[in-house]
Amino acid sequence: MKTQTLLLAVFLLCICAISAQDKVLVFTKTNGFEHPSIGAGVTMITDLGITNGLWTTDETDDASSFTTNNLAQYSAVIWCNTSGNGLLNASQQQAFEQYIANGGGFLGIHAATDTYRDKSWPFYNDLVGAIIQRNPNHTRNNFNADMTVVSSHPSVDFLGTTWNKSEEYYYWRNNGGQLFDGNINILMVASTGSNDYDEARPISWYKEYMGGRSFYTALGHNSSDYTNNANFIKHIEEGIKYVIGNTLSVGGVTAEIPFEINQNPVSTVLKLSTSVVTKEKSLMIYDINGQLVYMRSIPSSIASVDINLEKLSKGLYLGRLISGRQESSFKIIKE
């Protein structure tokens with residue numbers, strides 16, 4: 001099914017030209033564990049911007065930088081190993097929420113999910129995409145494990161199918177932990193032990209969220225990664241490019257996904273089925289103005305899903321189904 005013409009406007013909205021005037025703000029405030037790697041992260045992000053001529057970098061641990069006027073100058077705000085609760089006051093939180101609503105970019109590194117763990121700021125928890133569980137929080141540091149690339153994205157497309165890395169791998173399942181169901185997962189770590197929370201689990205993801213773009217990776221505990229790990233450095237670089245709008249949501253799609261949808265026109269529930277069951281799939285639905293109105297990840301084991309569109313207004317919608325380097329487009333008429 002080919003509806004490239006119908007989706008052209010949507011794709012154009014996803015592509016933003018970037019100039020040397022782009023600026024990113026690296027936020028490093030901690031009210032919890034302070035990673036020694038924070039300084040190395042700031043240096044790496046600064047150097048990447050200079051080397052590529054793509055962005056300039058400001059760094060702060062001062063929450064007073066979170067005002068509407070100040071944030072407006074930045075193409076992205078990067079929370080680099082932040083930790084703890086209460087980093088921003090109510091007005092500062094509101095300014096950051098408005099920044100995202102205005103199309104701002106967000107990138108979280110490692111302990112950014114060890115931030116607002118008490119769910120006192122649900123917007124941030126959904127934006128970053130996860131909260132680590134309280135105890136135990138993670139594997140021992142430098143636990144060696146294989147990660148699998150489960151979706152196409154410029155931040156992982158250069159890795160092949162797997163990435164072996166020593167890291168402090170977070171847990172999400174228990175005692176206060178959570179995962180946002182709108183994340184589009186791109187890296188999954190294999191099982192790291194025999195406990196239920198050691199199960200295979202997502203490590204990196206991206207999404208469009210509330211008007212802006214979000215990218216998160218749980219990698220980045222060690223200072224050496226920011227200086228000597230070429231794969232990690234490239235992973236972060238492409239994540240930054242994504243959130244400031246220098247890349248499509250996915251890269252290098254080469255084939256279409258075979259699928260069926262019914263009923264269409266639809267009143268409430270749209271049924272989608274596909275023969276592609278070897279990789280996780282991502283479903284995104286846009287309104288006719290190009291605004292993302294629905295998004296979900298579909299596990300690799302699921303071939304058929306029900307999509308509840310009851311909350312959508314009547315009209316024409318455009319859909320994208322993505323799995324690895326396959327993609328299909330379709331239109332939906334909501335009655």
Side-chain angles (χ1 to χ4, degrees), residues 4 7 10-18 22 24 44-45 48-49 51-55 75-76 78 105-110 129 145-165 167 169 182-190 200-209 213-220 225-226 228-257 274 276-284 292 295 297-300 320-329:
Q4 286 87 346
L7 282 171
V10 174
F11 293 156
L12 289 176
L13 285 172
C14 295
I15 306 171
C16 301
I18 184 171
D22 282 288
V24 301
M44 181 199 73
I45 293 165
L48 281 172
T51 300
N52 295 312
L54 295 179
W55 64 79
S75 299
I78 301 169
F106 166 84
L107 188 141
I109 298 176
H110 194 55
D146 289 329
M147 291 178 286
T148 301
V149 176
V150 294
S151 295
S152 178
H153 189 275
S155 65
V156 294
D157 286 343
F158 60 92
L159 292 170
T161 58
T162 60
W163 180 10
N164 178 267
K165 187 179 186 303
E167 182 59 73
Y169 290 101
N183 298 334
I184 302 175
N185 298 325
I186 52 179
L187 281 175
M188 297 277 293
V189 68
R201 54 200 182 275
I203 290 298
S204 298
W205 51 77
Y206 73 100
K207 58 180 176 283
E208 296 178 26
Y209 182 75
R213 285 185 171 192
S214 170
F215 180 95
Y216 171 77
T217 184
L219 308 175
D225 280 336
Y226 300 87
N228 300 323
N229 190 322
N231 283 341
F232 175 78
I233 294 170
K234 180 70 170 175
H235 181 59
I236 297 295
E237 177 185 355
E238 294 299 334
I240 296 173
K241 289 178 182 178
Y242 167 73
V243 298
I244 62 179
N246 191 32
T247 182
L248 286 169
S249 297
V250 297
V253 172
T254 59
E256 290 195 346
I257 299 173
T274 173
V276 177
V277 294
T278 57
K279 285 189 175 182
E280 181 173 284
K281 296 166 285 295
S282 301
L283 173 66
M284 288 165 281
L292 183 68
M295 174 167 43
S297 295
I298 305 171
S300 60
R320 299 170 68 194
L321 184 65
I322 302 168
S323 179
R325 291 186 173 276
Q326 292 179 283
E327 175 178 354
S328 285
S329 306

Spacing of CD1 belonging to I184 relative to CG belonging to L283, to within rounding of 0.5 Å = 9.0 Å

message = Would you compute the distance between atom CD1 of I78 and atom CD1 of I240 and round it to the nearest 0.5 angstrom?
response = 4.0 Å

inquiry  = List the residues meeting salt bridge (Lys or Arg N to Asp or Glu O under 4.0 Å) with K234, not counting sequence neighbours, and say none if there are none.
reply    = E238

key: I45 and Y226, any side-chain heavy atoms less than 4.5 Å apart   = no

task = Kindly assign one of parallel, tilted or perpendicular to the pair Y206 and H153, based on the angle between their ring planes and the thresholds 30° and 60°.
result = tilted

task = Please answer whether the main-chain N or O of V156 pairs with a side-chain N or O of W163 as donor and acceptor at a distance below 3.5 Å.
result = no

inquiry  = Working to the nearest 0.5 angstrom, can you tell me the gap between M188 CE and S151 OG?
reply    = 10.0 Å

request  = Could you tell me whether the side chain of K165 reaches within less than 4.5 Å of the side chain of N229, counting heavy atoms only?
outcome  = yes

ask   = From S155 OG over to N231 CG, what is the distance, rounded to the nearest 0.5 angstrom?
value = 11.5 Å

inquiry  = I'd like to check the side-chain contact (heavy atoms from CB on, under 4.5 Å) partners of N52; sequence neighbours left out, ordered by chain and number.
reply    = L48, L54, E237

message = Minimum heavy-atom separation for G239 and L107, please, with both atom names.
response = C-CD1, 3.4 Å

Residues which pass side-chain hydrogen bond (donor to acceptor under 3.5 Å, both in side chains) with D146, listed by chain and number, not counting sequence neighbours = N164

key: Set of ring pair (Phe, Tyr, Trp, His ring centres under 6.0 Å) partners for Y169, sequence neighbours left out   = none

query = Taking all non-hydrogen atoms of both residues, which atom of V243 and which atom of F106 are closest, and how far apart?
reply = CG1-O, 3.1 Å

key: Flag side-chain contact, heavy atom, 4.5 Å: D225 against E167   = yes

query = So, do I186 and V149 sit near enough that their side-chain heavy atoms are less than 4.5 Å apart?
reply = no

query = Is the side chain of Y242 donor-acceptor paired with the backbone N or O of S214 at a distance under 3.5 Å, no angle test?
reply = no

query = Residues two or more places apart in sequence or in another chain: which of them pass ring pair (Phe, Tyr, Trp, His ring centres under 6.0 Å) with Y209?
reply = F123, F180

ask   = Taking atom CG of N185 and atom CD1 of I203, what is their separation to the nearest 0.5 Å?
value = 10.0 Å

inquiry  = Under the rule for side-chain contact (heavy atoms from CB on, under 4.5 Å), what residues qualify as partners of T217, not counting sequence neighbours?
reply    = S204, F215, L219, H235, I236

task = Rounded to the nearest 0.5 Å, what's the gap from CE on M147 to OG1 on T161? Could you check?
result = 12.0 Å

task = Name all residues meeting the side-chain hydrogen bond (donor to acceptor under 3.5 Å, both in side chains) criterion together with N183; count only those two or more places apart in sequence or in a different chain, and write none if there are none.
result = K207

